[in-house]
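Beneath this line is the structure, given in C-alpha cells, with notes to follow.
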Amino acid sequence: VQLQASGGGLVQAGESLRLSCAASGLTVRRHAMAWFRQAPGKEREFVSAIRQGEDTTDYADSVKGRFTISRDNARNTVYLQMNNLKPEDTAVYHCASRYDLQLSSSRDVQYWGQGTQVTVSS
C-alpha cells in the first residue's frame with residue numbers, strides 16, 4: 001500500500017492550497033481516509049476524514065468552514081481543499097487510511113503516507 005501525498009507549498013495567509021493523496025494497493029472508497037498534520041514541537045493531530053463507502057465527512061474544529069475533504073473514486077485519490085489558510089495551519093500534512101467506517105485518531109491508522117509541507121506566512 002502506498003499513499004502519495006502532494007500539493008503542499010508556501011503561501012500567504014488567506015490563500016488556498018489543495019492537497020492530493022493518490023492511493024495504490026487499496027481502494028479509497030472502501031477505507032476511511034483522513035488527513036493529519038504535525039507542526040514542529042507538537043503532536044500529530046487529526047484534521048479531516050471521509051468515511052468508508054459514504055460521503056460523510058468529519059473535521060477538526062480548527063479547520064471547519066475552511067477545509068473540505070473529498071474523494072475521487074475513479075482516480076483513487078483523496079483531496080483536501082484548504083481555503084483561508086492561517087499561519088497556525090503550518091505543518092506537515094499526512095494522508096492516512098483505515099479499513100473501517102471512521103478514522104479520527106492517529107492510533108487507529110493502518111497506513112500512513114509520506115508528508116507534504118504546508119507553510120503559511122503572515
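In this structure a side-chain-to-backbone donor-acceptor pair under 3.5 Å is missing from Arg44 to Gln38. With hydrogens and angles ignored, the 3.5 Å screen pairs a side-chain donor or acceptor of Gln110 with a backbone N or O of Tyr99. Between the side chain of Thr27 and the backbone N or O of Arg29, no donor-acceptor pair lies under 3.5 Å. The backbone N or O of Arg51 sits nowhere less than 3.5 Å from a side-chain atom of Glu54 that would complete a donor-acceptor pair. Counting only distance, with no hydrogens or angles, the side chain of Ser97 and the backbone of His31 share no donor-acceptor pair below 3.5 Å. At distances below 3.5 Å, at least one donor-acceptor pair connects side-chain atoms of Thr116 with backbone N or O atoms of Gly8.
Remark: Ala23 pairs with Leu3, Leu26, Val28, Asn76 by the side-chain contact (heavy atoms from CB on, under 4.5 Å) rule, at least two apart or across chains. Remark: Arg75 engages Asp72, Thr77, Tyr79 in a side-chain contact (heavy atoms from CB on, under 4.5 Å) (not counting sequence neighbours). Partners of Asp55 by side chain to side chain donor-acceptor pair (under 3.5 Å), not counting sequence neighbours: none found. Listed by chain and residue number, Phe46, Trp112 satisfy the ring pair (Phe, Tyr, Trp, His ring centres under 6.0 Å) test with Phe36 (two or more places apart in sequence, or in another chain). Annotation: side chain to side chain donor-acceptor pair (under 3.5 Å) contacts of Arg30 (sequence neighbours excluded): none.
Looking only at side-chain heavy atoms (C-beta outward), Met82 and Arg66 stay at 4.5 Å or farther from each other. Residues Leu17 and Glu15 fail the side-chain proximity criterion, which asks for heavy atoms closer than 4.5 Å. Looking at heavy atoms from C-beta onward, Val47 lies in side-chain contact with Arg37 at the 4.5 angstrom threshold. Using a 4.5 Å cut-off on side-chain heavy atoms (C-beta onward), Val11 and Ser121 make no contact.
Note that the CZ atom of Arg18 and the OG atom of Ser20 stand 5.0 Å from one another [nearest 0.5 Å]. For the atom pair OG1 (Thr119) and CG (Asp89), the distance works out to 11.0 Å, reported to the nearest 0.5 Å. Rounded to the nearest 0.5 angstrom, Gln52 CD and Arg98 CZ are separated by 10.5 Å. Annotation: the span from Ser16 atom OG to Gln81 atom CD amounts to 5.5 Å, rounded to 0.5 Å.
Criterion: ILVMFWY side-chain heavy atoms under 4.5 Å apart, direct or through other members. Under it, Tyr111 and Ile50 are part of a common hydrophobic cluster. Residues Val109 and Leu101 do not share a hydrophobic cluster, defined by chaining ILVMFWY side chains whose heavy atoms lie under 4.5 Å apart.
Listed here is the closest heavy atom pair of Ala34 and Leu103: CB-CD2, 3.7 Å. Of all heavy-atom pairs between Ala13 and Ser122, the closest is CB-CA, 4.4 Å. Contact detail for His94 and Gln114: the closest heavy-atom pair is ND1-C, 3.9 Å. Looking at every heavy atom in both residues, Trp35 comes nearest to Ile69 through CD1-CD1, 3.7 Å. Taking both residues in full, the closest heavy atoms of Phe67 and Tyr59 are given as O-CE2, 3.2 Å, listed atom of the first, atom of the second, then distance.
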Evaluation steps, side chain to side chain contact (heavy atoms under 4.5 Å, CB included), between Val78 and Leu19 | CA-CA 8 Å; Val78 175; Leu19 305 184; over 6 Å; no
Glu88 and Thr90: side-chain hydrogen bond (donor to acceptor under 3.5 Å, both in side chains), yes or no, with the steps?
-> CA-CA 5 Å; Glu88 52 264 41; Thr90 295; over 6 Å; no
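A donor and an acceptor atom, one from each side chain of Ser104 and Gln102, are nowhere located under 3.5 Å apart.
Every pair passing disulfide (SG to SG under 2.5 Å) that includes a residue from residues 92-122 is listed here, sequence neighbours excluded: Cys21-Cys95.
A salt bridge links Lys64 with Asp61: the distance from a Lys NZ or Arg NE/NH1/NH2 to an Asp or Glu carboxylate oxygen falls below 4.0 Å.
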